[in-house]
Trainee: 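The structure is given below, and queries will be raised subsequently.
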Amino acid sequence: MKIHEYQAKELFREYDIPVPEGYAALSRDEALENIKKFDTFPIVVKAQIHAGGRGKGGGVKLASTKEEAEKFVDEIFGMTLVTHQTGPDGKEVKRILIEQGQNIEKELYLSLLVDRETASIVIMASREGGMDIEEVAAKTPEKIIKVYVDPLMGISGYQLRQVAFGLKIPKNALKEFTGMVKNFYDLFVQKDCTMVEINPLIITSDERVTALDAKVDFDSNALGRHKELIKLRDLDEEDPLEVEASKYNLNYINLDGNVGNIVNGAGLAMATMDIIKNAGAEPANFMDVGGGATAEMVENAFRIILADKKVKAVLINIFGGILRCDVFALGVVEAAKKTGITIPVIVRMEGTNVEKGKEILSGSKLELTSAMDLADAAEKIAAAVK
Ligand code: GDP
Ligand code: MN
């Protein structure tokens, strides 16, 4: 689960990670009110959306007067901000953070991630902060420092110093910096994060460290033990169809292709996406209704996929085990009645009560195409979207 920059900075304050003075607003008026809290300039007006790259997209503006700040609030609030992470449609700005401007001497990069390969927490740092870290990693990987921390051992002093020396932190800021990284590590572990990132982490002209940006991603599977974090969720920032699917416990992820698919079981869903790609088409989603799905869940799954405008055909691939084929078929028929299908639907069904399931589907007067097997299904779905 992702949160906004201003929420992440609240969390940083709790962990004694230095951040600039700042106030967040949920309305334009409130943002204008917040400007009055500053009497030293410049101040920074920052669009709050979950995607990064806001600076380049025009969502971060440095104002040297109160009037200029008001102008930026007017421009940014409600704007559709397009960055390389939002996709071409962009994201409407509904929250604004106003912050005290900082004197930047050097912009650094710092993040913590779970590294599955070594089963450790990796600290990534670079003197090439502020800019696109993916580009630094691709072109000049030697400019990224990596320190691996065994989560059972915890972080040690020498590892903190390794990061500090790698970043050439000025002597006067060393103690503050290592203390900050230690706190950053504690936050990561205690809040069950999958990623925390500060880009840029700045050294100010008076040699202090400050987090100018903040990104935090929590492990959604661990939210059960962090009730205080759940209220930070902003559904406006999430894919509406994914939010809808999560209400029914459906494992759904929206993708870029045009072949919608409904499958029972995550492994079968992965395999189905593979065969769709193999046949030269692109999956529009991952949808696992689960082994024990009810007719109602199937109905909701089908409805969600049909609501996705980019879907040009649907492939249903069901292996009837705990979810019997007849129960599944009833769900499909119900959903089809309610939504009306105007696109081709190809069905491949095997397993428990398959005959009964097929009877239900063929007796329903729905225009469905059945497939003999997986290969046949793939061929038919690719032909349908060509
Ligand atoms: P992002 O583009 O979404 O990653 O947003 P950031 O919060 O990283 O802001 C983008 C850029 O704005 C930073 O890399 C800084 O160069 C600049 N910036 C942000 N706050 C300040 C500030 O207080 N003073 C100055 N001079 N620049 C700032
Ligand atoms: Mn940034």
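Computed from a predicted structure; not experimentally measured. Just so you know, ligand 1 is whichever comes first in the structure, and atom 1 is the first atom listed for that ligand.
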Trainee: List every atom of ligand 1 that sits less than 4.0 Å from any heavy atom of G101, numbering the atoms from 1 in the order shown and giving each element.
Mentor: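 So the atoms of ligand 1 that pass are 23 (O).
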
Trainee: Counting each atom of ligand 1 from 1 as listed, which ones have a heavy atom of N199 under 4.0 Å away?
Mentor: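 Listed by number with element: 8 (O).
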
Trainee: Please state which part of T83 comes within less than 4.0 Å of ligand 1, counting heavy atoms only: side chain, backbone, both or neither.
Mentor: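 Under 4.0 Å from ligand 1, T83 contributes no heavy atoms.
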
Trainee: Do the non-hydrogen side-chain atoms of K2 and R233 ever get within less than 4.5 Å of each other?
Mentor: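 The answer is no, as the side chains (C-beta and beyond) never meet within the 4.5 Å cut-off.
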
Trainee: Does the protein put a heavy atom under 4.0 Å from atom 17 (C) of ligand 1?
Mentor: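 It does not; no protein heavy atom is within 4.0 Å.
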
Trainee: Which of the numbered atoms in ligand 1 are below 4.0 angstrom from a heavy atom of R54?
Mentor: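 Here the atoms of ligand 1 in question are 1 (P), 2 (O), 3 (O), 5 (O), 6 (P), 7 (O).
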
Trainee: Can you tell me if D115 uses its side chain to pair, donor with acceptor, with the backbone of T118 under 3.5 Å?
Mentor: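 Pair found, side chain donor or acceptor close to backbone of T118.
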
Trainee: Pull out every atom of ligand 1 sitting under 4.0 Å from any heavy atom of G52, numbered as shown with elements.
Mentor: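 Listed by number with element: 3 (O).
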
Trainee: Considering only heavy atoms, does K46 approach ligand 1 within less than 4.0 Å through its side chain, its backbone, both, or neither?
Mentor: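 Side chain only; the backbone of K46 stays clear of ligand 1.
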
Trainee: Going by atom types only, do E207 and N172 share a side-chain donor-acceptor pair under 3.5 Å?
Mentor: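 E207 vs N172: donor-acceptor pair found between side chains.
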
Trainee: Which option out of L212, L81, V60 puts a heavy atom nearest to atom 28 (C) of ligand 1?
Mentor: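 The option holding the nearest heavy atom is L212.
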
Trainee: Using protein heavy atoms only, decide if any is under 4.0 Å from atom 25 (C) of ligand 1.
Mentor: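 Given the 4.0 Å limit, the answer for atom 25 (C) of ligand 1 is yes, a protein heavy atom qualifies.
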
